[in-house]
Amino acid sequence: MTTSSSPPEENITEEKNIFVIGLDESNDEVLRRIPGADRYRFHALLTPEELQHGEIPIVELVEKAESQLDSFDGSIDAIVSYWDFPSSTMVAMLCEKYGLPGVSLEAVLKCEHKYWSRLEQSKVIDEVPAFGIVDLDEDEPRPPEGVDYPMWLKPVKSFSSELAFHVADEDEFDKAVAEIRAGVDRVGKPFERVLGTVDLPAEVAGVGGAACLAEGELNGVQAATEGYVYKGQVTVYGVLDSINYPDTTSFQRHQYPSQLPEDAVERMKEISVRVMEQVGFDNATFSIEFFCHPESGQACLLEINPRHSQSHAELFEYVDGVANHQIMVQLGLGQDPRTRRNRGDYRIAGKWYYRRFRDGLVTRVPTRGEIADLEAEIPGVKIEPVAEKGIRLSDLPGQDSYSYELAHIFVAAQTEREMESKYRRCVEALRFDFEEG
């Protein structure tokens, strides 16, 4: 949105300074390919390591970001991010401080706090599981009333399925509670600091940010919507499938566009609009995860993320011709994201998670040359190693509770079968070695 009195042609070429919290090399490459990138200067604001690894000193992180912004010799035109907490909340706080377009902190927290989010969702939709708080301060915590086995236990704030456990009986419940108790404070305590800056409803204030949520098991196939809100208008611009490894709860791939029946897709869109309006979300991107039953079209909401998914950026680029990061940037600049989407080179694309389901010391990873040769050999493939030589898989940050990521493999194709074939060729060619034990 232009507020200057300069001639229009001068405004078009005016360079914009966009600060990206947690900017990393991979996403920097994506951002530099979006339309208009020649007019943008992207600046890294804190590193992913500062934001995601180890303890999260939220106060110090905000102060460091403010110091960098205050010392910048130029205009600050947008502050954006595609990361989970603390980045998602920092974007809201910093945009408010520097008078930039952005979502309110309260709306972000209504999405981030899993219990508060369920309370808000329940006001406008029925498609939520039974849920309640597990009191971790009790000597022998028990499931909340109305939530039966099998269930999921998870902190009210976590990311990448960290400390999320599927429990089928009392023994598994007790083991999961013990692990959550031991690890919940890493994210929960800094999250509590942020919660303390807004007025909370009594039921949320009494729970805090380092609590444990129990939810009834959802079943079906997983999917997700991506969208944005601009000046109160909710738009869903994409629906994706999330497919697990057989007989596990670990993602094998996300694929775009969704292959589900149209009535299921439309139901997810309707629910997305309703809940985002309820939480007062505005001027930002979001993604919402669902469980669906393709036969009936029924969809049940799993969780709301107050950001778009960086995992999906290349998928939109392959299929639509433009990464979803473009919408984030336009909203950050206060612009209406409604633009004509170009046609990409492929009809379907997936982000595959090449995993190992047992621990081990990594003794070999594919070389850069091997990866480059494979990407050149198979069109529509991009490979990003996650595991590094010399590291124990259990020391990798941000893993789910049951597996370890070796590499992310982006694959684009004209059909789902062709995409699956390309992925298998990649896995067969990528050599990782391990020392067991």
Side-chain angles (χ1 to χ4, degrees), residues 24 26-27 30 82-84 159-162 164 218-228 236-246 248-261 264-265 268-269 272 285-292 294 299-328 341 344-355 380-386 398-400 402-424 426-427:
D24 58 339
S26 177
N27 283 289
V30 174
Y82 38 72
W83 291 102
D84 202 334
F159 38 73
S160 299
S161 301
E162 188 174 310
L218 296 176
N219 52 62
V221 298
Q222 287 186 258
T225 59
E226 284 224 359
Y228 67 88
V236 176
Y237 59 79
V239 181
L240 306 94
D241 298 324
S242 298
I243 298 171
N244 290 346
Y245 279 83
T248 78
T249 58
S250 297
F251 285 132
Q252 182 189 58
R253 72 182 185 270
H254 305 297
Q255 65 184 21
Y256 174 72
S258 172
Q259 304 299 296
L260 291 171
V265 168
M268 286 187 285
K269 289 181 177 180
S272 299
T285 58
F286 65 85
S287 61
I288 304 179
E289 299 172 43
F290 292 88
F291 273 91
C292 295
C300 197
L301 195 154
L302 178 58
E303 69 178 29
I304 306 172
N305 300 300
R307 52 162 179 77
H308 72 289
S309 175
Q310 60 174 302
S311 295
H312 301 159
E314 284 91 348
L315 311 189
F316 283 100
E317 192 173 16
Y318 279 132
V319 176
D320 293 337
V322 184
N324 52 4
H325 284 7
Q326 183 194 27
I327 297 171
M328 171 191 73
R341 301 182 69 79
D345 295 330
Y346 299 92
R347 298 182 64 184
I348 189 169
K351 178 181 180 180
W352 295 71
Y353 295 84
Y354 180 27
R355 299 179 184 270
V381 163
K382 176 185 173 184
I383 300 166
E384 295 180 348
V386 175
Q399 303 299 299
D400 69 24
Y402 302 102
S403 68
Y404 310 100
E405 297 172 9
L406 303 181
H408 298 156
I409 305 176
F410 298 88
V411 184
Q414 302 307 327
T415 66
E416 191 172 11
R417 177 175 293 183
E418 181 192 359
M419 179 179 65
E420 292 170 349
S421 175
K422 285 183 176 183
Y423 171 72
R424 286 193 297 270
C426 290
V427 169

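In this text the structure is predicted, and so the values were computed from the model without any measurement.
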What's the shortest heavy-atom distance between [X] and [Y], and which atoms?
X      : Y      : result
Ala349 : Met419 : C-SD, 3.7 Å
Leu240 : Tyr256 : CD2-CB, 3.5 Å
Phe251 : Ser242 : CE2-CB, 3.4 Å
Ala223 : Cys292 : CB-SG, 4.4 Å
Ile327 : Thr285 : CG2-CG2, 3.8 Å
Thr248 : Tyr245 : OG1-O, 3.0 Å

What's the spacing between [X] [atom1] and [Y] [atom2] if we round to 0.5 Å?
X      : Y      : atom1 : atom2 : value
Ile409 : Cys426 : CD1   : SG    : 5.0 Å
Ile288 : Ser309 : CD1   : OG    : 13.0 Å
Asp345 : Glu317 : CG    : CD    : 10.0 Å
Ser287 : His308 : OG    : NE2   : 9.0 Å

Query raised in the report: For Gln252 and Tyr353, what are the C-alpha separation, side-chain angles and deciding distance, and is it a side-chain contact (heavy atoms from CB on, under 4.5 Å)?
Result: CA-CA 5 Å; Gln252 182 189 58; Tyr353 295 84; over 6 Å; no
Do side-chain atoms of [X] reach the backbone of [Y] as a donor and acceptor pair under 3.5 angstrom?
X      : Y      : answer
Asp400 : Ser250 : no
Gln399 : Glu405 : yes
Glu418 : Ala412 : no
Ser272 : Met268 : yes

Requested in this report: Taking the six-membered ring for Trp and the full ring for Phe, Tyr or His, determine whether the centres of Phe410 and Tyr318 are under 6.0 Å apart.
Outcome: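 Between Phe410 and Tyr318, the centre distance exceeds or equals 6.0 Å.
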Query raised in the report: Between Asp24 and Trp83, is a side-chain contact (heavy atoms from CB on, under 4.5 Å) present by the stated rule, with each step listed?
Result: CA-CA 11 Å; Asp24 58 339; Trp83 291 102; 4.2 Å; yes
**Report entry** Val411 vs Arg253 side-chain heavy atoms within contact, under 4.5 Å
**Finding:**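 Of all side-chain heavy-atom pairs linking Arg253 with Val411, none is under 4.5 Å.
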Query - Plane angle bin for His312 and His254 - parallel if under 30°, tilted between 30 and 60°, otherwise perpendicular - result: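 Answer is perpendicular, since the angle exceeds 60°.
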Report task. Evaluate the side-chain contact (heavy atoms from CB on, under 4.5 Å) criterion for residues Phe316 and Glu226: first the C-alpha distance (whole Å), next the side-chain angles of each, then the deciding distance (0.1 Å), finally the verdict. Result -> CA-CA 11 Å; Phe316 283 100; Glu226 284 224 359; 3.9 Å; yes
Report task. Verify side-chain contact (heavy atoms from CB on, under 4.5 Å) between Tyr237 and Asn324, making sure each step is shown before the conclusion. Result -> CA-CA 9 Å; Tyr237 59 79; Asn324 52 4; 3.5 Å; yes
Query raised in the report: Would Glu416 and Gln255 count as having a side-chain donor-acceptor pair, cut-off 3.5 Å?
Result: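 A donor-acceptor contact under 3.5 Å links the two side chains.
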**Report entry** Identified side chain to side chain donor-acceptor pair (under 3.5 Å) counterpart of Ser26 within the set His408, Glu384, Gln310
**Finding:**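 For Ser26, the side chain to side chain donor-acceptor pair (under 3.5 Å) check succeeds only for Glu384.
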